[in-house]
Number of protein chains: 2
Amino acid sequence: MSSVVRGARARARIEVTAAIKEEARRQLASDGAAKLSLRAVARELGMVSSALYRYFPSRDDLLTALIIDAYDSLGETAEAAHAAVADAAPVERWVTVGEAVRGWALAHPQEYALIYGSPVPGYSAPQTTVPAAARVGLLLIGIVRDAHRSHALEVPLLTDELVPEAVRLAADLAPDLPPGAVTALVAAWAQLYGLVGFELFGQFNRVVEEREPFFRHAVTRLAQGVGLR
Amino acid sequence: MSSVVRGARARARIEVTAAIKEEARRQLASDGAAKLSLRAVARELGMVSSALYRYFPSRDDLLTALIIDAYDSLGETAEAAHAAVADAAPVERWVTVGEAVRGWALAHPQEYALIYGSPVPGYSAPQTTVPAAARVGLLLIGIVRDAHRSHALEVPLLTDELVPEAVRLAADLAPDLPPGAVTALVAAWAQLYGLVGFELFGQFNRVVEEREPFFRHAVTRLAQGVGLR
DNA sequence: GGAAAGTGTGAGCACTGCTCTCGCTTGATC
DNA sequence: GATCAAGCGAGAGCAGTGCTCACACTTTCC
């Protein structure tokens with residue numbers, strides 16, 4: 001992809017594409033993914049609906065673009081929050097990332113639902129979304145790796161029944177970490193999203209009163225379970 | 001509500017209602033909640049679409065009925081699995097319930113997405129669903145309570161910052177359990193669904209290879225974190 | 001038996017995603 | 001600099017959706 005914008009037409013295309021995504025994001029935030037309507041977006045932008053298909057070949061493609069943006073926005077938020085405490089103790093770094101994820105989710109519920117709730121049924125996220133989706137995971141791996149390198153990681157034990165190969169990530173992204181740590185890390189990663197999802201989707205209504213301290217407590221224990229101290 | 005079916009008309013109504021739900025469930029399972037169409041259900045049943053509104057005043061009401069059924073089906077499955085190991089050690093009972101939830105989710109992905117994924121956007125589950133939704137939670141509470149009564153529960157510690165009142169459940173459903181146990185229980189409950197959701201919605205693709213032993217291991221550690229032995 | 005309530009019919013409204021043809025404008029090529 | 005293809009917007013149109021309403025018919029209740 002060339003970074004040089006060749007002419008007025010190319011520049012206009014970029015602007016219109018951005019405007020469409022912006023308006024779509026607005027409608028997504030206010031009404032949810034199911035009610036996101038191409039026609040309504042076009043109407044709001046003062047163009048006819050068929051013109052919009054010059055920019056996104058289908059509704060699903062527009063949604064995919066929004067999903068990637070959402071992953072990036074979440075990843076950026078988490079990375080920024082983490083950067084502010086990069087030199088702190090591992091547990092604090094972990095908790096900070098967890099709280100950043102929760103904060104972003106509460107601020108962008110529909111976008112969170114789009115990426116971590118049930119994927120819009122009948123639609124499976126294409127491969128393009130993978131790199132953007134991995135950002136928070138990589139952040140967590142980095143924290144555990146740092147702890148391990150400075151011998152501050154208490155490696156969790158593996159049950160007998162669990163073969164180390166169960167978590168493929170070990171061989172791919174974190175070959176330097178012991179299997180027990182990777183396993184615990186992946187599980188904690190998923191569990192973090194369980195906590196956020198339950199709060200966001202109302203499962204904690206009439207159950208958990210003080211959400212924020214509860215989350216901080218739970219996510220701290222999650223960090224300890226991974227072996228961070 | 002009278003349990004006596006008064007006449008042919010009342011009996012027919014029950015049958016038609018059941019047939020609608022059955023066909024709707026079929027379409028839900030095959031195409032997902034978003035593509036569930038009243039007209040298609042009616043078509044399949046050989047009736048005109050407007051007739052269906054005599055039974056369910058709106059699409060959302062039909063969805064609500066399916067949600068309640070799904071909660072009940074999940075609860076029933078979990079309870080049945082638990083009953084088979086009711087006399088076993090607390091950890092085994094816990095793991096059995098967890099595996100039952102996972103098994104049901106894998107067998108009914110769309111229904112699981114309907115109740116634990118993002119709720120269908122623009123639609124918030126009415127109060128009617130609450131009792132059905134609580135069944136698995138009550139099961140888990142029962143396991144912890146039994147362990148506590150037989151002095152087999154290692155009560156988890158609470159961090160200073162977390163006030164015991166944070167988890168309101170303590171005062172309502174399990175006043176006999178210590179706050180630390182209730183807090184850990186609620187967190188573990190949410191985390192269980194994080195594990196199931198990540199597997200179901202593809203987040204473990206290219207990450208976790210051997211799903212079943214991984215899940216068993218993670219959910220066992222979850223039980224231990226609650227204090228079960 | 002007659003009034004009232006319940007049930008199915010078909011037309012119709014407003015909306016959706018998407019396609020296709022038509023012209024206009026832009027921009028690269030000869 | 002003229003030419004010609006590619007990019008773009010407009011508008012009509014198709015098939016589908018949720019939902020409403022007036023109408024007829026049937027069952028139930030008084």
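Letters go in sequence order (proteins before strands), and every chain restarts at 1. For clarity, every value in this text was computed on a predicted model and none was experimentally measured.
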Whole-Å distance between [N] [atom2] and [X] [atom1]?
X	N	atom1	atom2	answer
Leu38(B)	dT20(D)	CG	P	11 Å
Arg54(B)	dC23(D)	CZ	P	14 Å
Ile20(B)	dG8(C)	CD1	P	8 Å
Arg39(B)	dG16(D)	CZ	P	10 Å
Arg13(A)	dT26(C)	CZ	P	16 Å
Asp31(B)	dG16(D)	CG	P	14 Å
Gln27(B)	dG16(D)	CD	P	14 Å
Leu63(A)	dT16(C)	CG	P	15 Å

- Would you confirm whether the ring centroid of Phe204(B) sits within less than 6.0 angstrom of the ring centroid of Phe215(B)? no
- Item | Residue pair Ser58(A) / Asp61(A), side-chain donor-acceptor N/O under 3.5 Å | yes
- Message: Whether the Glu23(B) and Gln27(B) side chains hold a donor-acceptor pair (N or O, under 3.5 Å, no angle test) is what I'd like checked.
- Response: yes
- Query: Can you tell if the side chain of Leu38(A) reaches within under 4.5 Å of the side chain of Ser49(A), non-hydrogen atoms only?
  - Reply: no
- Any side-chain heavy-atom pair from Val186(A) and Val208(B) closer than 4.5 angstrom? yes
- Describe the nucleic acid contact of Leu36(A) in one word from base, sugar-phosphate, nothing, applying a heavy-atom distance below 4.0 Å.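 Since only primed, P, OP1 and OP2 atoms lie under 4.0 Å of Leu36(A), the category is sugar-phosphate.
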- Which part of the nucleic acid does Phe56(B) contact within heavy-atom distance under 4.0 Å: base, sugar-phosphate only, or nothing?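 Nothing, no nucleic acid heavy atom in range.
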- Give a yes/no answer on whether the side chain of Arg43(B) brings an N or O atom under 4.0 Å of OP1 or OP2 in dT17(D).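 For Arg43(B), the contact criterion (side-chain N or O under 4.0 Å from OP1 or OP2 of dT17(D)) is met.
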- Those residues of residues 45-53 of chain B lying under 4.0 Å from DNA chain C by at least one heavy atom: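 Correct list: Val48(B), Ser50(B), Ala51(B).
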- Out of dG17(C), dT26(D), dG27(C), whichever nucleotide has its closest atom nearest the side chain of Ser37(A): dG17(C)
- Item | Heavy-atom pair with the smallest gap, counting every atom of Ala181(A) and Val226(A) | O-CG1, 4.4 Å
- Would you state whether a donor and an acceptor, one from the side chain of Arg9(A) and one from the base of dG7(D), lie under 3.5 Å apart?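 Answer yes: a donor N or O sits under 3.5 Å from an acceptor.
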- How do Tyr55(A) and Ala40(B) order along DNA chain D: which one's closest nucleotide is nearer the 5' end?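 It is Tyr55(A) whose nearest nucleotide is closer to the 5' end.
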- Are Arg216(B) and Glu212(B) within salt-bridge range, i.e. N to O under 4.0 Å?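 The answer is yes: the pair qualifies as a salt bridge.
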